[in-house]
Amino acid sequence: MSAHAGIQAAIVAALLAAPAAAGGNVKANTTRPVASSSSSAVVVRMVQSRAATPQMLGAGYDWTTAYQIDCLARGANGAADPIAAVDALLDLVWARLSTLVTTGLGVMDVRMQPQIDWTLDDAETPLVAATVTLQVNHRTTATTLAAWT
């Protein structure tokens, strides 16, 4: 498994730890919409990875990889503030990401972007998304995408 996928798996595992975010409805890289029977979901996506050029032959690559975490919740029809539907889920996700364990994945640091992007789909049952982004600095070996150990 590449370091990139390993880090994503660690994010998903943290969100699935009891009590699981969104009742366990946590997916990686899905493009499918939230089923109408689900009240909430979390989607973890790899967005972009950039590597710095190694300084010497055989040195590892230092990567900056962005992961987006979409917190999705259905609001009540006619709710005064549909954003309120995603608030508790966002709070749980933020807390879990703030204490993310990345041991053995070549991670040098994890930074929460100081930004939350909000999206509202005003359908019959409003769907609200609050998206946070993690920036992970990590190292891979010189010849593979395996985590530097």
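- Residues Trp148 and Thr141 share a closest heavy-atom pair of CE3-CA, 3.9 Å.
- A 4.5 Å side-chain heavy-atom check between Val34 and Arg74 finds at least one atom pair inside the cut-off.
- For residues 93-107, the set of pairs meeting the side chain to side chain donor-acceptor pair (under 3.5 Å) definition, not counting sequence neighbours, is empty.
- Atom-to-atom distance recorded for Arg45:CZ and Thr133:OG1 is 9.0 Å, nearest 0.5 angstrom.
- When hydrophobic clusters are built by joining Ile, Leu, Val, Met, Phe, Trp and Tyr residues whose side-chain heavy atoms come closer than 4.5 Å, directly or via intermediates, Ile116 is grouped together with Leu120.
- One distance of note links CD of Gln135 with CG of Asp109; it measures 7.5 Å at 0.5 Å rounding.
- Leu16 and Val110 fall within the same hydrophobic cluster, defined by Ile, Leu, Val, Met, Phe, Trp and Tyr side-chain heavy atoms under 4.5 Å apart, directly or through other members.
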Inset, instruction - Apply side-chain contact (heavy atoms from CB on, under 4.5 Å) to Asn137 and Trp63, showing your working. - result: CA-CA 6 Å; Asn137 294 314; Trp63 294 88; over 6 Å; no
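- Separating the CG atom in Leu90 from the CD1 atom in Ile83 is a distance of 10.0 Å, to the nearest 0.5 Å.
- By the 4.5 Å heavy-atom criterion applied to side chains, Leu100 and Ile11 are counted as neighbours.
- The shortest non-hydrogen separation linking Ala85 to Ala73 is O-CB, 3.4 Å.
- Hydrophobic clustering of Ile, Leu, Val, Met, Phe, Trp and Tyr side chains at less than 4.5 Å, counting indirect connections, unites Val132 with Leu134.
- Considering only heavy atoms from C-beta on, Pro126 stays 4.5 Å or farther from Asp121 through its side chain.
- Closest non-hydrogen pair, Ala146 versus Ala3, comes out as C-CB, 4.3 Å.
- Sorted by first then second residue, the side chain to side chain donor-acceptor pair (under 3.5 Å) pairs that include residues 17-31, not counting sequence neighbours, are Gln8-Asn29.
- For the atom pair Ser39 OG and Leu72 CG, the distance stands at 11.0 Å (nearest 0.5 Å).
- When only modelled atom types and interatomic distance are considered, Gln113 and Arg111 share no side-chain donor-acceptor pair under 3.5 Å.
- Distance OG/Ser2 to CD1/Ile7: 8.0 Å, rounded to 0.5 Å.
- For the atom pair Met108 CE and Thr64 OG1, the distance stands at 7.5 Å (nearest 0.5 Å).
- When all heavy atoms of Val86 and Trp118 are compared, the closest pair comes out as CG1-CZ3, 3.7 Å.
- Gln115 and Asp117 share a side-chain donor-acceptor pair at under 3.5 Å.
- Hydrophobic clustering (ILVMFWY, side-chain heavy atoms < 4.5 Å, transitive): Met1 and Tyr67 are in distinct clusters.
- The closest side-chain heavy-atom distance from Val128 to Thr119 is not below 4.5 Å.
- Under the 30°/60° scheme for interplanar angles, the aromatic rings of His4 and His138 are found to stand perpendicular.
- Between Val107 and Val136, some side-chain heavy-atom pair lies under the 4.5 Å cut-off.
- Criterion: ILVMFWY side-chain heavy atoms under 4.5 Å apart, direct or through other members. Under it, Val12 and Met46 are part of a common hydrophobic cluster.
- With a 4.5 Å cut-off on side-chain heavy atoms, Leu97 and Ile69 count as touching.
- Across all non-hydrogen atoms, the minimal contact from Ala41 to Leu89 is O-CD2, 3.7 Å.
- The minimum heavy-atom distance linking Ala142 with Tyr61 is given by the pair O-CE1, 3.4 Å.
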